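Worth saying up front: this structure is predicted, and the values here are computed from it rather than measured. In what follows, chains are A, B, ... by sequence order, proteins preceding strands, each numbered from 1.
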There are 2 protein chains.
Amino acid sequence: MLLSKACVYGLRSSLFLASHEGDGYISIREMSEKLDISFHFLTKILQQLTSAGLMESHKGPKGGVRLTKSGSEVSLFEIVAAIDGTELFTECALGLPGCGVKKPCPLHDKWADTRDGIRLMLEGTNLVELAKKGKKENLRITEDGGFEWI
Amino acid sequence: MLLSKACVYGLRSSLFLASHEGDGYISIREMSEKLDISFHFLTKILQQLTSAGLMESHKGPKGGVRLTKSGSEVSLFEIVAAIDGTELFTECALGLPGCGVKKPCPLHDKWADTRDGIRLMLEGTNLVELAKKGKKENLRITEDGGFEWI
DNA sequence: AAGTTTTAAGAGTATTTTATCTTAATTTAA
DNA sequence: TTAAATTAAGATAAAATACTCTTAAAACTT
Ligand code: SF4
Ligand code: SF4
């Protein structure tokens, strides 16, 4: 799998938050139920996004998390980088350490292009754009398709 | 990581075999030492490639493995598919099941293009091509760069 | 035929990832 | 000021991946 489970959950909930922009803090419990993700696991993932500065959290009743920046300013790349790190975009298709520094592997030229393709796609896509599209075309962000865009 | 460790090891040893085409069976022990991969682990990986029909093996002294087809006919995609499967090229960036069948996720269009980019790169690259390039430019396929092309 | 070399196969171990559980700290509201 | 709601944090558990060990089977050499 290209992205870890944690990362995929991070993307899904970021999308959720982008579609609720301006609604204040959204509780993690609510998100975990609507998106069908384990509450405790999601909490940990969102803590990562919070400490990366992408979200801010608030405790107590009426608490929850919300995006710090406007969703249109947050690219998928930032979320992936915060959870899975940027190794995917700097390291080797053959798993060799120190790409570009020591002598490269035979696959380098082709892989570097492919790798950049992934990065550019993630950098060039923002949360609001996706949430709008999802809402307009009634696309899904849960396994059972049960989630309804507001 | 895009490809599993097993898959990367499979690619490295396939590259090794391609550069030894016509030398008959190459022992797994020799490969594991030259490529610095655990012998038993490599054995299992090569068993997968053998049962997928990409390699054939022979027991006893003078035994080992060799490519069934000419290395120029084997694409990286075949090796990846035999070890990691083709999920990467059919499934969802958001980890949702049944892509294309049920309603898609908002990322689908962009992700499908990116995904195809990875597949086309792997399909469009064959073993001999890479081995030749590696030999000519003295590129590496081991971590320490210690491997020498023959 | 016996001994050696080599892959095959399955069991076993270690590490990482994924997920859960428990307790604490903070904030709101009655 | 007390109770309820909520995130924070750390410990634990389960599952998946990565790796190792042991024994068996096959094939070559003498
Ligand atoms: S140079 Fe080769 S080894 Fe390094 S990252 Fe690129 S493909 Fe991988
Ligand atoms: S349609 Fe959406 S859910 Fe399905 S594979 Fe494509 S990106 Fe993933």
Do I79(B) and L127(B) have side-chain heavy atoms sitting under 4.5 Å apart?
-> yes
Length of the CG-P vector between L42(A) and dA9(D), whole Å | 16 Å
Any residue meeting ring-ring contact (aromatic ring centres under 6.0 Å, His included) with F77(B), in chain and number order, not counting sequence neighbours | F89(B)
Taken in chain and number order and not counting sequence neighbours, the residues that satisfy salt bridge (charged side-chain N to carboxylate O under 4.0 Å, His left out) with K133(B) are D109(A), E137(B)
side-chain hydrogen bond (donor to acceptor under 3.5 Å, both in side chains): which pairs involve residues 69-97 of chain A, sequence neighbours left out?
-> S4(A)-D84(A), K69(A)-E78(A), S70(A)-S72(A)
Under the ring-ring contact (aromatic ring centres under 6.0 Å, His included) test, residues paired with F41(A) that sit two or more places apart = Y9(A)
Residues in salt bridge (charged side-chain N to carboxylate O under 4.0 Å, His left out) contact with E30(B), at least two apart in sequence or another chain = K34(B)
Expected list for residues 17-32 of chain A near DNA chain C, using heavy atoms below 4.0 Å, is none
For nucleotides 14-19 of chain D, which of its nitrogen or oxygen atoms have a protein nitrogen or oxygen under 3.5 Å away, and what is each distance?
from: dA18(D); atom 1: OP1; to: K5(B); atom 2: N; distance (Å): 3.3

For D116(A), which residues count as a salt bridge (charged side-chain N to carboxylate O under 4.0 Å, His left out) partner, sequence neighbours excluded?
-> R119(A)
Can you sort out the partners of Y25(A) under ring-ring contact (aromatic ring centres under 6.0 Å, His included), two or more places apart, ordered by chain and number?
-> H58(A)
List for me each residue that meets side-chain hydrogen bond (donor to acceptor under 3.5 Å, both in side chains) alongside T125(A), sequence neighbours excluded, and say none if there are none.
-> K110(B)
Could you tell me whether the side chain of I118(B) reaches within less than 4.5 Å of the side chain of L2(B), counting heavy atoms only?
-> yes
Sequence neighbours left out, what passes salt bridge (charged side-chain N to carboxylate O under 4.0 Å, His left out) with E56(B)? Give chain and number order.
-> R66(B)
Roughly how many Å is it from CD1 in I45(B) to P in dA8(C), rounded to a whole number?
-> 13 Å
Encode nucleotides 22-30 of chain C as B, S and - characters from 5' to 3', where the letter depends on protein heavy atoms closer than 4.0 Å: B to the base, S only to sugar-phosphate, - to neither.
-> B---BBBS-
Between CG of L46(A) and P of dT6(D) the distance, given in whole Å, is 15 Å
By nearest-nucleotide position on DNA chain D, the 5'-leaning member of F39(B) and G63(A) is G63(A)
Gap between atoms CD and C1', on E87(A) and dT17(C) respectively (whole Å) = 15 Å
Nearest-Å distance for atom pair CD/P, residues Q47(A) and dA19(C) | 16 Å
